K.L.:
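Submitted below is the structure of interest, expressed as structure tokens.
FYI, side chains are in, hydrogens and waters are out, and symmetry mates aren't considered; it's all heavy atoms of this structure. Atoms within a ligand are numbered from 1 in the order they appear, just like the ligands themselves. In this text the structure is predicted, and so the values were computed from the model without any measurement.
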Amino acid sequence: MSKLKIAELFYSIQGEGRYMGVPSVFLRTFGCNFKCAGFGMPKGQLSVEADEIAEVVHMYNKYEELPLVSTGCDSYASWHPSFKDLSPMLTSDAIAERICEILPHKEWHNEHLVITGGEPLLGWQRAYPDLLNHPKMQGLREITFETNGTQELSEDFKQYLKDWPWQHKDSFSRELTFSVSAKLPCSGEKWEDAIKPSVVKTYQDIGANVYLKFVISTEQDFEDAQRAIKEFRDGGFRGHVYLMPVGGVESVYALNNRRVAELAMNSGLRYSDRLQVPLFKNEWGT
Ligand code: SF4
């Protein structure tokens, strides 16, 4: 039976992108191919705040106890090795059971499944079919992969996802989405490593809904996003594009959400809020 290293598994409301406001199960896998620190931190290093937390990680037993950070990757504990012991390796059986425990009706109704990270399209691709084929997952109708858009799909997984909507007799209502949060230079990642139009096009080619989401903090980020959008469009990308304000904590988010909304309005792009910040203070498990 396949296993996944799970950083978090919780039930909340999707705060970002196309399915903002939709009740969703979030399955956060451990590990990422990037180490976005941003905000002047060298690539590969945690922000000063996250670094201090890593030094005393032994004081925490679960993710919900970890402090939030105001700079750098707000999912820092889902990829940094210092936090790996907080993420158990679970079988698809155990994950499906746990999902049913946290669903309000103890089975799927109209909830969405968000498979996020870290980067959820790393080697875990080989484990998803076992999980999605599990008897307790048969009521599931909508999945979003939240990815940084750099990972090729394996041939086996591509074929599985192509067939997923049609494997079930009520297939007409099934929807598969890739929410691609492509990383701009402010993340510290190299442009050619982070902006991969040909990879994102393959998500579209299997018949999924695909949209791009750019986190914007400065005018430079907006310029970089426009350059990236052009490369994605030139590469055949046809989906919607969202601009989203930076800020895992309210004090930072409130500084630029209105400006980012205006940039979106004036440039024919969509605005994505981060509902989890005002609603739940972006705590782990929300
Ligand atoms: S790609 Fe996402 S999860 Fe990975 S380090 Fe960057 S912001 Fe964090």
K.L.:
Would you indicate whether Lys5, at its atom NZ, is surrounded by more than 12 heavy atoms from other residues, nucleotides or ligands within a distance under 6.0 Å?
P.N.:
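Yes, the 6.0 Å shell around NZ holds more than 12 heavy atoms from other groups.
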K.L.:
Is any side-chain heavy atom of Glu142 closer than 4.5 Å to a side-chain heavy atom of Arg174?
P.N.:
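No, too far: nothing below the 4.5 Å cut-off.
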K.L.:
Can you confirm if the NZ or CZ of Lys213 lies within 45° of the ring axis of Tyr242 and under 6.0 Å from the centre of its six-membered ring?
P.N.:
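Because its charged atom misses either the 6.0 Å distance or the 45° angle limit, Lys213 does not stack over Tyr242.
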K.L.:
Could you tell me whether Arg259 atom CZ has more than 12 heavy atoms of other residues or ligands within 6.0 Å of it?
P.N.:
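Atom CZ in Arg259 is crowded, with more than 12 foreign heavy atoms closer than 6.0 Å.
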K.L.:
Name the residues in contact with ligand 1, where contact means a heavy atom under 4.0 Å away: which are they?
P.N.:
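Answer by chain and number: Cys32, Phe34, Lys35, Cys36, Cys73, Trp79, Gly118, Asn148, Lys183.
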K.L.:
Can you tell me if Asp156 and Ser154 form a side-chain donor-acceptor pair at under 3.5 Å?
P.N.:
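There is no such pair (donor and acceptor under 3.5 Å, judged by atom type) between the side chains of Asp156 and Ser154.
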K.L.:
Look at the side chain of Thr116 and the backbone N and O of Val114, then say whether any donor-acceptor pair between them is shorter than 3.5 Å.
P.N.:
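Checking the backbone N and O of Val114 against the side chain of Thr116, no donor-acceptor pair under 3.5 Å is found.
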